Amino acid sequence: MDDNLESVLTAVGPRLRTLRRQREITLTSLSEATGISVSTLSRLESGQRRPTLELLLPLARAYGVQIDELVGAPPTGDPRVHLRPVNLNGMTLVPLTRRAGGLQAYKMLIPAARPTTVPEPKTHEGYEWLYVLSGRLRLVLGDQDLVLVPGEAAEFDTRVPHWFASADSTPVEVLSLFGRQGERAHVRARSLP
C-alpha cells in the first residue's frame, strides 16, 4: 500500500477520538446516533479497524462535518468555513474552525434563562476565552458570579469550576475560543505608524 495512503488511514482513528472528546460525546451515545457498535467505534479510534466509507459517512453526519475533515484531506484552496450548527446541552454551537484538535473557535447561541435555572459548575481540561456579542451572559467561575455585557470578554482555565448561561430572559450570543490542552488565546496588535 502507498505510504501516503497508509499514513492518512492511520491518522483517522486519533482524529475521530479527538473530535469525540472535544464534543464531549461518549462512545455509547455516538453508537446510538450512528448505528455503529461501541466496539467498532473503539477499534476505529484505536486504529485496530480500518475506516471505510460505510463507517465514515454516519460519523461525519453525527459530527456535522465533511468526510474530508475526518480523513484529514488536504485543503482544496477554498478558505471558507462551511458553518454547521451543533446542538449541545440546549445551546447551539457553530464551529468557526475546520480542523479537529488545537485551538477551536465557536459562536454560541444560548437561549433565554429559565427563572428556576440553578448553576451547576463543571471542570475539564482546557482554557477558554469568551466574548459577548449580544445579550447578557451570566458566568459563574469558582466563587465569582459575573454578568458580562456586549463587548466584554473573559478568559479562564477550565479546571476552575465554571458554568454560563443567559443572565436574563433574552438569548445571548458569544464567541468562544477553546483549547483542550490549555492553549491560551494570544492577541497581537501591530502599532500604527
Side-chain angles (χ1 to χ4, degrees), residues 14-26 29-30 45 62-66 69-70 72 75 79-193:
R15 192 173 288 111
L16 288 171
R17 178 178 289 124
T18 298
L19 186 58
R20 181 177 59 79
R21 288 179 176 168
Q22 284 177 337
R23 303 281 175 95
E24 298 179 355
I25 299 171
T26 64
S29 61
L30 184 59
E45 287 186 1
Y63 288 130
V65 299
Q66 296 180 10
E69 188 172 329
L70 297 180
R80 293 175 293 179
V81 176
H82 300 282
L83 307 177
R84 301 219 194 280
V86 175
N87 291 315
L88 184 66
N89 301 325
M91 292 186 286
T92 301
L93 274 73
V94 182
L96 301 176
T97 47
R98 293 194 284 195
R99 298 187 61 192
L103 201 59
Q104 298 292 306
Y106 298 94
K107 178 177 180 183
M108 295 189 294
L109 305 167
I110 304 168
R114 291 185 218 122
T116 58
T117 302
V118 176
E120 296 181 27
K122 306 269 191 235
T123 64
H124 51 88
E125 288 295 316
Y127 202 85
E128 188 150 11
W129 178 86
L130 301 171
Y131 178 83
V132 179
L133 296 168
S134 68
R136 294 167 24 103
L137 180 74
R138 180 177 178 200
L139 171 64
V140 174
L141 182 62
D143 59 357
Q144 299 178 69
D145 196 337
L146 309 163
V147 174
L148 282 71
V149 297
E152 288 190 309
E155 64 177 323
F156 53 93
D157 186 323
T158 56
R159 292 174 294 184
V160 174
H162 62 283
W163 173 91
F164 51 84
S166 173
D168 52 38
S169 61
T170 60
V172 62
E173 288 183 284
V174 176
L175 283 180
S176 169
L177 295 179
F178 175 75
R180 182 155 303 276
Q181 302 304 319
E183 299 99 338
R184 294 182 70 167
H186 295 283
V187 179
R188 290 185 175 80
R190 196 171 49 135
S191 59
L192 296 174

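Because the structure is predicted, anything quoted here is derived from the model rather than measured.
Ring geometry for His162 versus Phe156: interplanar angle of 30 to 60°, hence tilted.
The two residues Ala165 and Leu137 come nearest to each other via the heavy atoms O-CD1, 3.4 Å. The shortest non-hydrogen separation linking Trp129 to Ala153 is NE1-CB, 4.0 Å. Listed here is the closest heavy atom pair of Asp157 and Gly126: OD1-O, 3.4 Å. The two residues Ala154 and Leu148 have their closest heavy-atom pair at CB-CD2, 3.7 Å. Here the closest heavy-atom approach between residue Pro111 and residue Ser166 is recorded as O-CB, 3.2 Å. Closest non-hydrogen pair, Ser134 versus Pro150, comes out as CA-CG, 3.9 Å.
Applying side-chain contact (heavy atoms from CB on, under 4.5 Å) to Val132 and the options Val149, Val172, Leu139 leaves one that passes, Val172.
Here the side chains of Thr97 and Leu103 are not in contact, with every heavy-atom distance at 4.5 Å or above. Put simply, the side chain of Leu30 reaches to within 4.5 Å of the side chain of Tyr63, judged on heavy atoms.
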Would Met108 and Leu130 count as a side-chain contact (heavy atoms from CB on, under 4.5 Å) if you check the C-alpha gap in whole Å, the side-chain angles of each, and the deciding distance to 0.1 Å?
CA-CA 10 Å; Met108 295 189 294; Leu130 301 171; 3.7 Å; yes
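In this structure, the separation between CG on Leu133 and CG on Leu175 is 4.0 Å, given to the nearest 0.5 Å. Leu19 CG to Glu45 CD: the interatomic distance, rounded to the nearest 0.5 Å, is 9.0 Å. Distance check: Ser29 OG to Glu24 CD gives 11.0 Å after rounding to the nearest 0.5 Å. Between Leu177 atom CG and Glu155 atom CD the span is 10.0 Å, to the nearest 0.5 Å. Here the NE2 atom belonging to His124 is positioned 4.5 Å from the OG1 atom belonging to Thr158, to the nearest 0.5 angstrom.
Sorted by first and then second residue, the salt bridge (Lys or Arg N to Asp or Glu O under 4.0 Å) pairs involving residues 104-117 (not counting sequence neighbours) are Lys107-Glu173. Listed by first then second residue, pairs satisfying side-chain hydrogen bond (donor to acceptor under 3.5 Å, both in side chains) with a partner in residues 143-153 read Arg138-Asp145, not counting sequence neighbours.
Contacts of Thr123 classified as side-chain hydrogen bond (donor to acceptor under 3.5 Å, both in side chains), with partners at least two apart in sequence or in another chain: none. For the side-chain contact (heavy atoms from CB on, under 4.5 Å) test, residues two or more places apart in sequence or in another chain that qualify with Pro85 are Thr92, Val94. Looking at residues two or more places apart in sequence or on another chain, you find a side-chain hydrogen bond (donor to acceptor under 3.5 Å, both in side chains) between Asp168 and Arg136, Thr170.
Checking side-chain atoms of Ser176 against main-chain N and O of Tyr106 turns up no donor-acceptor pair under 3.5 Å.
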